[in-house]
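This report concerns only the one structure given below.
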Amino acid sequence: MHKPILGITMGDPFGNGPEITVKALHDKSVYERCRPVVIGDVSAMEYAVRVAENVSGIHMRVRGISSVAEAKYEYGTIDVYDMGIVKAEDIPGDPENPAPFGLGATQLGGEAAFQYVKRVIELAMAGEVDATVTNALAKEAINMAGHHYSGHTEIYADFTHTDKYTMMLAHEELRVVHVSTHVSLREACDRVKKARVLDVIRIANEGCKAIGIREPRIAVAGLNPHCGEGGLFGREEIEEIQPAIDQAMAEGIIIPDKKPTPPDTVFSKALGGWYDIVVCMYHDQGHIPLKVKGFVYNKSEGHWDAVAGVNVTLGLPIIRSSVDHGTGFGHAGDGRANELSLINAMDYAIRMANAKL
């Protein structure tokens, strides 16, 4: 059985990434399916290991390495490609008495998180890792450090020289892709143009094939209520979205509805198995249904039972999947972060890497 090498970025060192990574790699089955190597700082991972031991009784070790070739991929020991950015004295708190760091976005955290991502992209482009998986970073922090990107997706697009790409969110069998993401809602409406909608339909089709769906069924959500109601509530469906659908179907792409699907029903239908993926017109149109399904809060016990879901960037020359949540600065350092989304992201990366064989 082929076990792909996964390059896993640690995320913001003062966020939840290090402790989530420790918990995810404590799952022995991970090593049965892949060869994980963490891109980050040994100091932060060692701190997270001590917190995990004190809070959850998890026993792990950290091995610092300076190249992927040095990794041994032995369960119980985490191989960390040490970037040497964050020192032990930079980490606030006491692992013997775990508590939230309370730092929030910092220039050092942003610089470190950015450099981890840059390095894992370089490793993937050089063929040293088969897929990349990212923990959360803070957009504010990386901008404080002078790296002016609106998120992981844009960093990946820049350093892989990719023009046509999109974000796919997935939880179990619900998958969504976006025509636009990190822009204002006003600008998002202006970005609904035939060329971009068609590009995203094509990328969605290829993305589904990349995870083993041979004949993807695609829904294309409308932008306006009731898909514009024949132009009464907006003409984007008539002038931009329908022409893109017609062109995609002419190319053999399967769009069962043959027209834009009202956004207030498309996700219920997707959950019912009507489609393999939904093309959404803007950020929240896709993110909200995914997080309603994947994020489960236990009200009576006051904690999250699940923070699940995967973020995959489609259209890149390399594989990138990610957790579908933020850095959790308010709780980072207390050892109670939920690792489920990272495990989901690793599963997707493994699936996509194996599909390329």
Side-chain angles (χ1 to χ4, degrees), residues 149-154 156-158 161-170 174-210 213 215-272 274-292 311-316:
Y149 296 91
S150 56
H152 273 114
T153 305
E154 292 74 19
Y156 269 78
D158 190 10
H161 310 291
T162 302
D163 295 323
K164 296 180 180 180
Y165 58 90
T166 192
M167 174 192 301
M168 178 178 78
L169 299 183
L174 180 60
R175 305 176 189 88
V176 302
V177 290
H178 304 73
V179 170
S180 69
T181 49
H182 299 133
V183 297
S184 71
L185 185 56
R186 187 179 302 280
E187 183 178 342
C189 294
D190 293 336
R191 291 194 179 196
V192 178
K193 301 296 182 185
K194 175 188 173 182
R196 173 61 180 167
V197 175
L198 180 58
D199 281 342
V200 175
I201 293 172
R202 289 167 173 162
I203 294 170
N205 191 56
E206 292 305 312
C208 285
K209 290 181 179 179
I213 301 172
E215 296 184 332
R217 296 160 300 151
I218 300 172
V220 182
L223 172 66
N224 298 298
H226 304 178
C227 287
E229 197 72 64
L232 289 175
F233 307 147
R235 297 190 58 80
E236 286 83 1
E237 285 78 9
I238 296 169
E239 297 174 358
E240 307 293 346
I241 302 175
Q242 187 64 56
I245 291 173
D246 292 341
Q247 177 64 42
M249 290 194 300
E251 296 173 7
I253 295 174
I254 301 170
I255 302 176
D257 293 346
K258 298 181 173 58
K259 60 183 180 180
T261 305
D264 58 354
T265 59
V266 67
F267 302 105
S268 296
K269 293 167 72 175
L271 286 170
W274 292 36
Y275 321 111
D276 296 300
I277 196 165
V278 180
V279 174
C280 302
M281 293 300 118
Y282 56 92
H283 183 281
D284 283 8
Q285 190 181 64
H287 278 64
I288 290 172
L290 254 294
K291 293 188 176 183
V292 166
N311 180 339
V312 180
T313 306
L314 301 179
L316 301 173

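Numbering starts at 1 and runs along the sequence shown.
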I need the minimum non-hydrogen distance between Phe233 and Pro225, along with the two atoms involved. CD1-O, 3.4 Å
Restricting to ring-ring contact (aromatic ring centres under 6.0 Å, His included), what partner residues turn up for His178, sequence neighbours left out? His287
Under a 4.5 Å cut-off applied to non-hydrogen side-chain atoms, are Arg196 and Thr166 in contact? yes
Kindly give the heavy-atom pair with the smallest separation between Pro263 and Gly222, and that separation in Å. CG-O, 3.7 Å
Please, which pairs that meet ring-ring contact (aromatic ring centres under 6.0 Å, His included) have at least one residue in residues 236-263, sequence neighbours excluded? none
If every non-hydrogen atom of Arg191 is compared with every non-hydrogen atom of Val179, which pair is closest and at what distance? O-CG1, 3.8 Å
Pro243 meets the side chain to side chain contact (heavy atoms under 4.5 Å, CB included) criterion, sequence neighbours left out, with Lys194
Residue pair Leu223 / Ile241: nearest heavy atoms and the distance that separates them: N-CD1, 4.0 Å
I'd like to know if the side chain of Arg175 reaches the main chain of Asp276, judged simply by a donor and an acceptor atom lying under 3.5 Å from each other, with no hydrogens or angles considered. yes
Within the 4.5 Å heavy-atom criterion, are His152 and Thr313 side-chain neighbours or not? no
Which atoms form the tightest heavy-atom contact between Cys227 and Pro260, and what is the distance? SG-O, 3.5 Å
Keeping Glu237 on the side-chain end and Gln242 on the backbone end, is there a donor-acceptor pair under 3.5 Å? no
Taking atom CG of Asp158 and atom OG1 of Thr153, what is their separation to the nearest 0.5 Å? 12.5 Å
Side chain to side chain, Leu185 and His283, heavy atoms closer than 4.5 Å: no
Mind checking salt bridge (charged side-chain N to carboxylate O under 4.0 Å, His left out) for Glu239 and listing every partner two or more places apart, or none if nothing turns up? Arg235
Are the side chains of Glu236 and Met281 in touch, meaning some heavy atoms are under 4.5 Å apart? no
Going from CD on Gln247 to CG on Leu198, what distance comes out if it is rounded to the nearest 0.5 angstrom? 6.0 Å
Among Asn205, Ile218, Val176, the one residue meeting side chain to side chain contact (heavy atoms under 4.5 Å, CB included) with Ile277: Ile218
Could you name each residue pair satisfying salt bridge (Lys or Arg N to Asp or Glu O under 4.0 Å) that touches residues 247-262, not counting sequence neighbours? Arg202-Glu251, Asp257-Lys269
CD1 (Ile255) and CD1 (Ile245) are apart, to the nearest 0.5 Å, by 5.5 Å
Can you list the steps and then say if Val266 with Gln285 is a side chain to side chain contact (heavy atoms under 4.5 Å, CB included)? CA-CA 11 Å; Val266 67; Gln285 190 181 64; over 6 Å; no
Looking at every heavy atom in both Ile201 and Val220, which two are closest together, and how far apart are they? CD1-CG2, 3.8 Å
Quick one: side chain to side chain contact (heavy atoms under 4.5 Å, CB included) partners of Ala270, sequence neighbours excluded? Leu174, Tyr275, Val278
Stepwise, does the side chain to side chain contact (heavy atoms under 4.5 Å, CB included) test hold for Tyr282 with Glu187? CA-CA 10 Å; Tyr282 56 92; Glu187 183 178 342; over 6 Å; no
Reported NZ-to-CD1 distance for the pair Lys164 and Ile203, which is rounded to 0.5 angstrom: 8.0 Å
Steps toward side chain to side chain contact (heavy atoms under 4.5 Å, CB included) verdict (Leu314, Val177): CA-CA 9 Å; Leu314 301 179; Val177 290; 3.9 Å; yes
